[in-house]
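First up is the structure itself, then whatever we jot down about it.
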Amino acid sequence: MKILVTGGLGFIGSHTVVELLQNNFDVCIIDNLANSKMSTVDNITAITNKKPKVYCFDVCDSAKTKEVFSTERPDAVIHFAGLKAVGESCEKPLLYYHVNIDATLSVLNAMDSVPTCKSIIFASSATVYGVPNSLPLTETSPIQDATSPYGETKIINERILQDWAKVNPQKSAIILRYFNPIGAHPSGLLGEDPNGVPNNLMPYVTRVATKQAPYLKINGNDYDTLDGTAIRDYIHVVDLARGHVLALNKLKDFRGVYICNLGSGKGTSVLELINAYKKATGVDFKVEFGPKRAGDVPANFASIDKAKRELGFECKYTLEDACKHAYMYQLKHI
Ligand code: UFG
């Protein structure tokens with residue numbers, strides 16, 4: 001089975017490509033290197049002994065995308081390519097609407113031109129649940145107003161897929177809602193190394209632990225949670241990647257729209273994550289409390305019952321594993 005992966009050199013994309021290759025899928029990649037590096041292909045090859053073909057262009061270019069689909073004739077697509085910085089999306093909303101929506105339209109148009117390309121897996125996000133009314137979040141929890149243009153693009157893309165699936169009853173749209181992916185490949189060859197100041201907690205913690213930043217600022221310690229810091233559901237990126245392989249295998253004959261959460265199913269506070277990181281790596285670092293970050297939800301975590309029951313999903317790695325792997329990757333890439 002051949003899988004075309006858009007954004008296949010990014011953080012989640014590259015880990016997913018490795019899992020696909022290790023499970024004997026053929027893989028080709030479209031990536032414009034906007035937030036990734038070409039050298040990632042060598043690292044994928046070092047882990048798997050297989051070299052996926054990479055087409056280097058912006059998937060928003062629908063003519064080129066169609067051309068690649070007609071050459072490669074993939075059986076399924078995993079669509080990761082897009083912009084993902086919540087803060088940046090508030091400053092540049094038009095850019096986010098343009099890139100994140102045009103990319104999906106381009107991929108779906110290209111799929112329409114290849115009848116044998118039956119499924120798309122779309123990288124959605126827990127952000128579509130907005131400020132939760134109750135926890136854990138299940139796939140039937142209501143979609144709420146997004147707290148950022150980035151989140152809004154995920155909601156719009158989910159709607160586009162629903163409408164597309166209605167007129168393509170012979171195809172399937174698999175929407176995976178990711179919670180907070182963290183960690184790195186245990187080989188130390190793949191990981192997350194954002195350009196500039198990291199927005200997310202784990203890469204920031206890792207910068208502080210490797211002395212590239214002086215201290216970690218915790219955004220708010222007056223939430224209504226056990227220790228006052230915000231709660232999220234952190235999932236090791238390799239476990240998240242494995243979820244895609246399970247979805248492809250289990251949903252081969254599925255037609256229509258399938259929605260599934262991918263998380264660990266556990267809520268972890270910022271302070272708990274910091275303590276786990278210090279314990280897993282043996283590194284101590286300075287922490288300060290600051291005000292809440294605008295747009296943050298106090299707590300969210302997933303119910304992963306559906307993923308367990310229907311996909312056979314389970315997490316192999318612990319929070320401490322994820323911390324150790326993120327640290328090891330960063331040490332190699334300073
Ligand atoms: N945080 C800090 N200090 C930092 C960075 C983050 O205290 O330096 C806090 C945040 O304020 C938040 C928690 O750590 O309370 C987690 O923040 P992240 O930025 O790591 O993750 P978010 O939950 O805000 O967002 C992530 C992804 C989004 C996705 C969302 C889905 O970045 O793309 O999860 O829930 F939409």
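Note that ligands are numbered from 1 as they come in the structure, with each ligand's atoms numbered from 1 the same way.
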Considering only non-hydrogen protein atoms, determine which one is nearest to atom 8 (O) of ligand 1 and report residue, atom name and distance to 0.1 Å. K217 O, 3.7 Å
Counting heavy atoms under 4.0 Å, the part of N180 that contacts ligand 1 is side chain
heavy-atom search around atom 17 (O) of ligand 1 in the protein gives R293 NH2, 3.4 Å
Check D26, L20, I121 against I3 for a side-chain contact (heavy atoms from CB on, under 4.5 Å) and give me the one that passes. L20
among protein heavy atoms, the one nearest atom 23 (O) of ligand 1 is R232 NE, 2.6 Å
Test item: S36 side-chain N/O and G10 main-chain N/O as donor-acceptor pair under 3.5 Å: no
With respect to atom 32 (O) of ligand 1, which of N200, D296, N199, V86 exhibits the smallest heavy-atom separation? N200
Between D233 and Y178, a side-chain donor and acceptor under 3.5 Å: no
Starting from atom 15 (O) of ligand 1, find the nearest protein heavy-atom neighbour and note its residue, name and distance. A230 CB, 3.2 Å
Answer with side chain, backbone, both or neither: which part of Y223 has a heavy atom less than 4.0 angstrom from an atom of ligand 1? neither
Nearest protein heavy atom with distance in Å, relative to atom 7 (O) of ligand 1: N219 N, 2.8 Å
Provide, to 0.1 Å, the distance between atom 16 (C) of ligand 1 and the closest protein heavy atom, together with that atom's residue and name. Y234 OH, 3.6 Å
Can you list the atoms of ligand 1 that are under 4.0 Å from a heavy atom of N300? 35 (O)
Could you check whether K278 makes a cation-pi contact with F285, meaning its NZ or CZ is under 6.0 Å from the centre of the six-membered ring and within 45° of the ring axis? yes
V131 backbone acceptor or donor facing Q144 side chain under 3.5 Å: yes
From the list T127, N100, V99, T104, side-chain contact (heavy atoms from CB on, under 4.5 Å) partner of T153 resolves to N100
Which of the numbered atoms in ligand 1 are below 4.0 angstrom from a heavy atom of A126? 31 (C), 35 (O)
So, are E314 and K316 salt-bridged, with charged N and O less than 4.0 Å apart? no
SB check K279 D284 (cutoff 4.0 Å): no
Derivation of the ring-ring contact (aromatic ring centres under 6.0 Å, His included) call for H325 and H236: CA-CA 9 Å; H325 295 158; H236 194 295; 5.1 Å; yes
NZ or CZ of K2 within 45° of F25 ring axis and under 6.0 Å: no
Show me which atoms of ligand 1 lie under 4.0 Å from any heavy atom of I218. 7 (O)
List the closest protein heavy-atom neighbour of atom 33 (O) of ligand 1: residue, atom name, distance to the nearest 0.1 Å. Y150 OH, 3.1 Å
Report yes if L201 has an N/O atom closer than 3.5 Å to an N/O atom of ligand 1; otherwise report no. yes
Checking a contact table here: which protein heavy atom is nearest atom 29 (C) of ligand 1, and how many Å away? S125 OG, 3.4 Å
Specify side chain, backbone, both or neither for T229, according to which of its non-hydrogen atoms lie closer than 4.0 Å to ligand 1. neither
Are the side chain of D31 and the backbone of C56 linked by a donor-acceptor contact shorter than 3.5 Å? no
What do we get for M202 next to ligand 1 when only non-hydrogen atoms under 4.0 Å count, side chain, backbone, both or neither? neither
